[in-house]
Amino acid sequence: AARVSLRCPFSPLPAAAARFVSGVGREPGSDESSDATAVLRHLARKLRATGAVTVAEYMREALTNPGQGYYTRRGGVGESGDFITSPEISQVFGELIGIWYISEWIATGKPKAFQLVELGPGRGTLADDILRVFNQLSSLLSKCDVSVHLVEVSPKLSEIQASMLTGGKVQSNPEDSSAYMEGISKSGIPIFWYRDIQDVPLGYSFYLAHEFFDALPIHKFQRTERGWREVLVDIDPDVPDQLRFVLSPSSTPATENFIQPEERRDHVEVCPEAGVIIQRLACRIEKDGGAALVADYGHDGTKTDTFRGFRNHKLHDVLKNPGTADLTADVDFSYLRKMAQGRTATLGPIKQREFLKNMGIDLRMQVLLQNSRDTATHKQLLHSYDMLMNPEKMGDCFNFFALLPHHRLAHPDKKQKPESKSPIPPVAGFGELLLK
Ligand code: SAH
């Protein structure tokens with residue numbers, strides 16, 4: 001465990017406000033600015049020409065710049081990368097999520113087809129574990145037409161996903177679809193890759209976003225005596241190729257649009273891109289049915305400065321060597337709920353340990369423990385359970401949040417047909433799992 005770090009914050013990072021105006025505290029001597037990264041050189045040119053940029057623009061360049069961004073080039077998920085995620089810790093995590101989709105599919109009357117749509121699939125481990133469950137339940141799914149649709153901007157990670165899920169047998173730029181790549185899973189399910197959720201075909205779909213929204217660009221705002229100001233990234237005029245945070249001299253369109261009049265916090269982070277994507281998912285689910293499951297670390301509209309960097313499993317100065325470190329911010333679930341705008345019902349956020357407990361993780365672990373004979377596997381199983389469930393590790397800081405069609409939670413025709421008595425099955429994970 002000591003070798004890997006999670007992106008969820010164990011303890012609050014130091015309060016931010018003071019850092020913003022004065023630049024990030026760098027110890028002299030520990031500076032790596034001499035090995036300026038390609039992203040830094042590109043940004044420095046831009047900043048000199050046009051002035052400071054928003055944190056969102058900075059984050060977008062650092063993470064997904066087509067040539068040099070962190071995810072585009074490196075995308076370090078996993079033990080040998082920069083951070084570790086739940087699906088990389090235990091197969092049980094993905095298996096229980098697979099069961100969640102099956103349970104929703106049954107609860108909505110076993111539609112004849114569904115798409116599994118994953119946003120930001122990383123190494124493809126989670127999709128692989130889910131597809132294994134679908135394969136194990138193939139007798140149940142035999143009459144259902146299942147396809148997998150992955151939304152991934154990183155060429156490097158999509159290659160890793162392809163080799164994990166299809167053994168590398170893929171076709172690039174297929175003529176007959178909007179996907180940039182397609183292949184067939186080990187169990188025979190068609191898989192398609194896209195850069196944008198809007199390219200994914202419409203239809204009854206199960207959406208999944210695990211540690212995806214935290215990687216999207218945020219805007220940061222600071223309350224000052226003169227009103228709200230946006231935090232910007234600029235080049236330090238005194239130190240070559242060194243970046244610093246500054247405050248916008250006046251309000252910006254973003255301060256006008258994103259700060260609520262009733263806001264009480266002094267520092268606020270907003271991720272408009274997350275809002276747009278949630279709106280798209282909500283529209284699709286409202287129209288075609290299905291469900292979305294979002295799992296991430298985050299808060300319900302209470303936290304302030306959560307922007308941080310990770311490199312080699314260590315916290316990393318967010319302004320240093322952009323493109324070489326993962327940058328991330330806590331997901332604001334209250335914002336996601338607001339952006340679903342009543343188009344769908346929402347459930348959660350609830351803590352990962354409660355969700356997994358409701359999904360039957362204890363029973364699944366018991367079976368795996370009984371079936372494993374050697375002590376090393378036993379130890380590994382117990383260790384991964386502890387990582388996922390311990391409130392001090394991932395159990396409390398990760399949350400599950402779902403979008404569901406309204407009719408999934410309430411009979412629309414109750415008024416017209418009060419005699420309809422069939423009870424609505426509870427949504428697994430947020431309540432008890434009935435499918436056994
Ligand atoms: N879900 C995986 C990986 C999380 S890392 C896991 O839990 O292990 C974030 C993932 O989102 C990476 O696959 C990254 O390449 C992808 N990503 C980041 N920004 C994206 C964007 N704007 N559109 C699509 N994918 C993106």
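Being a predicted model, the structure only gives us computed values, none of them experimental.
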Taking H406 for its side chain and G342 for its backbone only, find out whether a donor-acceptor pair lies under 3.5 Å.
yes
With no hydrogens and no angle check, is any side-chain donor or acceptor of S384 less than 3.5 Å from a backbone partner on L381?
yes
Is any side-chain heavy atom of I189 closer than 4.5 Å to a side-chain heavy atom of L131?
yes
Side chain to side chain donor-acceptor pair (under 3.5 Å) between E269 and T306, intermediate numbers included
CA-CA 8 Å; E269 295 169 339; T306 71; 2.6 Å; yes
Within a reach of under 6.0 Å around CD of E159, are more than 12 heavy atoms found that belong to other residues, nucleotides or ligands?
no
Is there side-chain contact between F400 and D296, with heavy atoms separated by less than 4.5 Å?
no
Given L409, which partner from the list L404, T344, T346 fulfils the side chain to side chain contact (heavy atoms under 4.5 Å, CB included) test?
L404
Identify the two heavy atoms, one from A52 and one from L47, that lie closest to each other, and give their separation to 0.1 Å.
CA-CD2, 3.9 Å
From CA spacing to verdict: side chain to side chain donor-acceptor pair (under 3.5 Å), T125, E88:
CA-CA 7 Å; T125 314; E88 302 292 330; 2.6 Å; yes
Taking the inter-plane angle between the rings of Y101 and F206 on a 0 to 90° scale, is it parallel (under 30°), tilted (30 to 60°) or perpendicular (over 60°)?
tilted
Report the residues that fulfil side chain to side chain donor-acceptor pair (under 3.5 Å) with Q171, sequence neighbours left out, ordered by chain and then residue number.
none
Quick one: sort the F258 and F221 rings into parallel, tilted or perpendicular, breaks at 30° and 60°.
tilted
Under 3.5 Å donor-acceptor, N312 side chain and K314 backbone
no
Side chain to side chain donor-acceptor pair (under 3.5 Å) filter on D288, not counting sequence neighbours, yields none
Set of residues satisfying side chain to side chain donor-acceptor pair (under 3.5 Å) with respect to Y58, sequence neighbours excluded
none
Tell me every residue that passes salt bridge (charged side-chain N to carboxylate O under 4.0 Å, His left out) with D236, counting only those two or more places apart in sequence or in another chain.
none
Nearest 0.5 Å, what's the CG-CZ distance between D196 and R280?
6.0 Å
Using modelled atom types and a 3.5 Å cut-off, is there a donor and acceptor pairing between side-chain atoms of D332 and backbone atoms of Y335?
yes
Any side-chain heavy atom of Y180 within less than 4.5 Å of one from R195?
yes
Any non-hydrogen side-chain atom of R308 less than 4.5 Å from a side-chain atom of T328?
yes
Given 3.5 Å as the limit, does a donor-acceptor pair link the side chain of N399 with the main chain of P349, or not?
no
Test H316 against F310 for ring pair (Phe, Tyr, Trp, His ring centres under 6.0 Å), laying out the working first.
CA-CA 5 Å; H316 178 90; F310 284 94; 9.5 Å; no
Counting C-beta onward and ignoring hydrogens, is there a side-chain heavy-atom pair between L281 and V117 closer than 4.5 Å?
no
Test your reading of the model: is there a side-chain donor-acceptor pair from N321 to the backbone of T324, 3.5 Å cut-off?
no
Show your working on side chain to side chain contact (heavy atoms under 4.5 Å, CB included) between D396 and Q352 and close with a plain yes or no.
CA-CA 6 Å; D396 267 6; Q352 170 157 308; over 6 Å; no
Please step through side chain to side chain donor-acceptor pair (under 3.5 Å) for the pair Y70 and S154, ending with a clear verdict.
CA-CA 9 Å; Y70 172 78; S154 164; over 6 Å; no
State whether a side-chain donor-acceptor pair under 3.5 Å links H42 with E61.
yes
When rounded to the nearest 0.5 Å, the distance separating OG of S177 from CD of E182 is 5.0 Å
Are R265 and E263 ion-paired here, with the side-chain N under 4.0 Å from a carboxylate O?
yes
Is it the case that the side chain of W105 and the backbone of P111 share a donor-acceptor pair, with hydrogens and angles ignored and the cut-off at 3.5 Å?
yes
Short side-chain to backbone donor-acceptor contact, T255 and T252, under 3.5 Å:
yes
Verify the ring-centre separation between Y204 and F114: is it less than 6.0 angstrom?
no
pair L232-V55: side-chain heavy atoms closer than 4.5 Å:
no
Charged N to carboxylate O below 4.0 Å: is that the case for D326 and R311?
no
Value for CG (L40) from CG (L319), rounded to nearest 0.5 Å, stands at 10.0 Å
Determine, for Y207 and R284, whether the Lys NZ or Arg CZ falls below 6.0 Å from the six-membered ring centre while staying within 45 degrees of the axis.
no
If you measure from CG on L165 to OG on S158, what distance do you get to the nearest 0.5 Å?
11.0 Å
Would you please name every residue forming a side chain to side chain donor-acceptor pair (under 3.5 Å) with R337, sequence neighbours left out?
D300
So which of T54, T64, L327 actually passes side chain to side chain contact (heavy atoms under 4.5 Å, CB included) with M59?
L327
Output every pair passing ring-ring contact (aromatic ring centres under 6.0 Å, His included) with a member in residues 272-292, not counting sequence neighbours, ordered by first then second residue.
none
First locate atom OG1 of T85, then atom CG of L126, and finally report the distance between them rounded to the nearest 0.5 Å.
8.0 Å
Check whether W100 reaches the backbone of A428 with its side chain - one donor and one acceptor, N or O, closer than 3.5 Å.
yes
In terms of side-chain geometry, is the basic nitrogen of K357 or D362 positioned less than 4.0 Å from the acidic oxygen of its partner?
yes
Does a salt bridge link E230 with K220, judged by any charged N lying under 4.0 Å from a carboxylate O?
no
Report yes if some heavy atom in the side chain of F212 is under 4.5 Å from a heavy atom in the side chain of D214; otherwise report no.
no
Does any N or O in the side chain of S205 come within less than 3.5 Å of the main-chain N or O of G203, such that one atom is a donor and the other an acceptor?
yes
Are the aromatic rings of H313 and F83 close, with centres under 6.0 Å apart?
no
side-chain hydrogen bond (donor to acceptor under 3.5 Å, both in side chains) partner of Q161, the single match among R123, E118, E152
E152
Are side-chain heavy atoms of T37 and Q68 found at a separation under 4.5 Å?
no
Tell me if the CD atom of E262 is crowded by more than 12 foreign heavy atoms within 6.0 Å.
yes
